[in-house]
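First the structure, in the form of structure tokens, and then the observations on it.
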Amino acid sequence: MRSVVLIIIFLIAASSGDSDFNSNVAKFSVELLYRTMQDAGWQSRVMSPYTIWSLLTSMAYENLGDTWEEVSNVFLLTKNRSEFVEAFTNLRQSVFRVNNMVSWNFLFYDENFHIHSDSISRLENNFGFITRRFNFKDQQGATVFRLRILEEHLIPTIGWHGVLSIQDFINSTMIINNFSQFYAEWSNPFTNKLTPVYNGHRNSTGYMTIMSAKGRFRISNFESLKATVTELPYKGREYGMLLIRPHSGHEIQEVFNNLRNISLNDIFAKLQNDGDESGWNEVEVNLPSFSDETRINLNKPLFKMGLSSMFDENSADFNNFSEDDIYISEITHRTSFVVNFNRTYIITTTPTLLPPSKSKRNDWTVVKSNDPFIYLIVVKSTVTLLFGGSYTDTILYQPF
Ligand SMILES: *[C@@H]1O[C@H](CO)[C@@H](O)[C@H](O)[C@H]1NC(C)=O
Ligand SMILES: *[C@@H]1O[C@H](CO)[C@@H](O)[C@H](O)[C@H]1NC(C)=O
Ligand SMILES: *[C@@H]1O[C@H](CO)[C@@H](O)[C@H](O)[C@H]1NC(C)=O
Ligand SMILES: *[C@@H]1O[C@H](CO)[C@@H](O)[C@H](O)[C@H]1NC(C)=O
Ligand SMILES: *[C@@H]1O[C@H](CO)[C@@H](O)[C@H](O)[C@H]1NC(C)=O
Ligand SMILES: *[C@@H]1O[C@H](CO)[C@@H](O)[C@H](O)[C@H]1NC(C)=O
Ligand SMILES: *[C@@H]1O[C@H](CO)[C@@H](O)[C@H](O)[C@H]1NC(C)=O
């Protein structure tokens, strides 16, 4: 009998190393973002490509045969595992160098599931996994145990009871959870303006909060993207948000597609260059204060990128990991995101930070934004794409 591995990744909140390695990670990340947005019909979504990359590559060397061939092609992995671990560790150190980002990785497995003991130590020692073995057949007990372990690591689990469900233990033998939290304050804080927006469909005017800041921002026009890119730096300037606005007459999806053909390095280089040439004039940047919460299933986007066998009951080959036959049934990724005048916070757990429920409140309406944009949160030294998303819907507040 084949068993099922369930991977659930929850995100809480929000040059060093080898540049080829890092740009391969960036390339994968942009492609994954593109495929995910495509799968979502180009609606507002947010995700963390780096988290998915780190999780899947941690498991990559546990694959053999065709599954290994596939994984190593998609991630451009070297056969030399120690070399990979070294580059992975360097990248992780640069991502977590400043305290804005924290993250935990858990692997829970059923006591009847036979994992090679050296696999467990590889995951613990090289990739920082916290592993626990318990009885999945007792689903109630397993759910309580899992919550307790998360709480022991100070992961806030309030409101998670509906998410970490008993269902997860049915048919699975292993669950991987990754939790990350990102918090950063802007280096130039914004001021809020409650701004009226005419909503053509309903003959009414709603209000939205527009954040506005003046400063020497880096802004460039990218003909190849059909978009303008603005860098909004965070305090310390290790991280930045790239705000990518399509030129008028061009759609979000076209810009996402163009992004696949330009490297993040080139974007940063042009931003710097254009600033130097123009003398860093003061400019005003406006964007809506926004929040989003999305849960996405990544099976299809990853499949389209060429990872098919790890999801296939008959061909998945994790035999360097376990003597039991396993495959990945599901990769779900959940992210909550708050961007406001002084900070960016990415979290899943605190209900008050969640966006207003889009349908339940009658003083809110959701309309298509007439100023949609793409945002990327990037570690600048390594061009690592921590988070990426699109803003296509506006929530209007009707105070009267
Ligand atoms: C997920 O967990 C792994 C292993 O602990 C860690 O290396 C990785 O950095 C975590 N998440 C993110 C966003 O990187
Ligand atoms: C693998 O990489 C490690 C670390 O970079 C290196 O010391 C070792 O010589 C390499 N092994 C082979 C067989 O190339
Ligand atoms: C577990 O597997 C059985 C048999 O394949 C299937 O009918 C059932 O829907 C599965 N349950 C869950 C919760 O996935
Ligand atoms: C829109 O609202 C205004 C003010 O309430 C009203 O005078 C006008 O007739 C409305 N127009 C339509 C098309 O409903
Ligand atoms: C991307 O670049 C490749 C070669 O560099 C080119 O063949 C392709 O048409 C480009 N795609 C887009 C969408 O510009
Ligand atoms: C399993 O992985 C380890 C670490 O990469 C490696 O040393 C070992 O040779 C692998 N086993 C097989 C059967 O490929
Ligand atoms: C940012 O704004 C929040 C309220 O939205 C406030 O609680 C917090 O103290 C502010 N932080 C700074 C550094 O101003």
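Counting starts at 1 for both ligands and their atoms, in listed order. All values derive from a computational prediction rather than experimental measurement. The basis for the numbers below is simple: all heavy atoms, side chains too, and nothing from hydrogens, waters or symmetry mates.
Proximity of Leu64 to ligand 6, defined as any heavy-atom pair under 4.0 Å, is confined to the side chain (atoms from C-beta onward). Neither the backbone nor the side chain of Glu62 has any atom closer than 4.0 Å to an atom of ligand 6 (non-hydrogen atoms only).
Near Glu86, the atoms of ligand 2 lying under 4.0 angstrom from a non-hydrogen atom of the residue are 4 (C), 5 (O).
Here OG1 of Thr230 is found 10.5 Å from CZ of Phe373. Values are rounded to the nearest 0.5 Å.
Checking Ser309 against Thr67 by side-chain atom types alone, a donor-acceptor pair falls below 3.5 Å. Side-chain atoms of Glu111 and Tyr109 include no donor-acceptor pair closer than 3.5 Å. Counting only N and O atoms by type, the side chains of Ser44 and Ser390 include no donor and acceptor under 3.5 Å apart.
In this structure, Tyr375 has its ring center closer than 6.0 angstrom to the ring center of Phe290. Annotation: Phe28 is in aromatic contact with Phe75 [ring centroid separation under 6.0 Å]. Side-chain rings of Trp68 and Tyr61 approach one another, their centers coming within less than 6.0 Å.
Under the 4.0 Å distance rule, the nearest protein heavy atom to atom 2 (O) of ligand 6 falls inside the cut-off. Distance remark: protein heavy atom present below 4.0 angstrom from atom 14 (O) of ligand 6. Protein heavy atoms are absent from the 4.0 Å sphere centred on atom 7 (O) of ligand 2.
Summary of contacts: the protein heavy atom closest to atom 5 (O) of ligand 6 is Arg81 CD, 2.8 Å. Of the protein's heavy atoms, Asn320 OD1, 3.6 Å lies nearest to atom 12 (C) of ligand 6.
For ligand 2, the polar-atom distance check against Asn80 finds a nitrogen or oxygen pair separated by under 3.5 Å.
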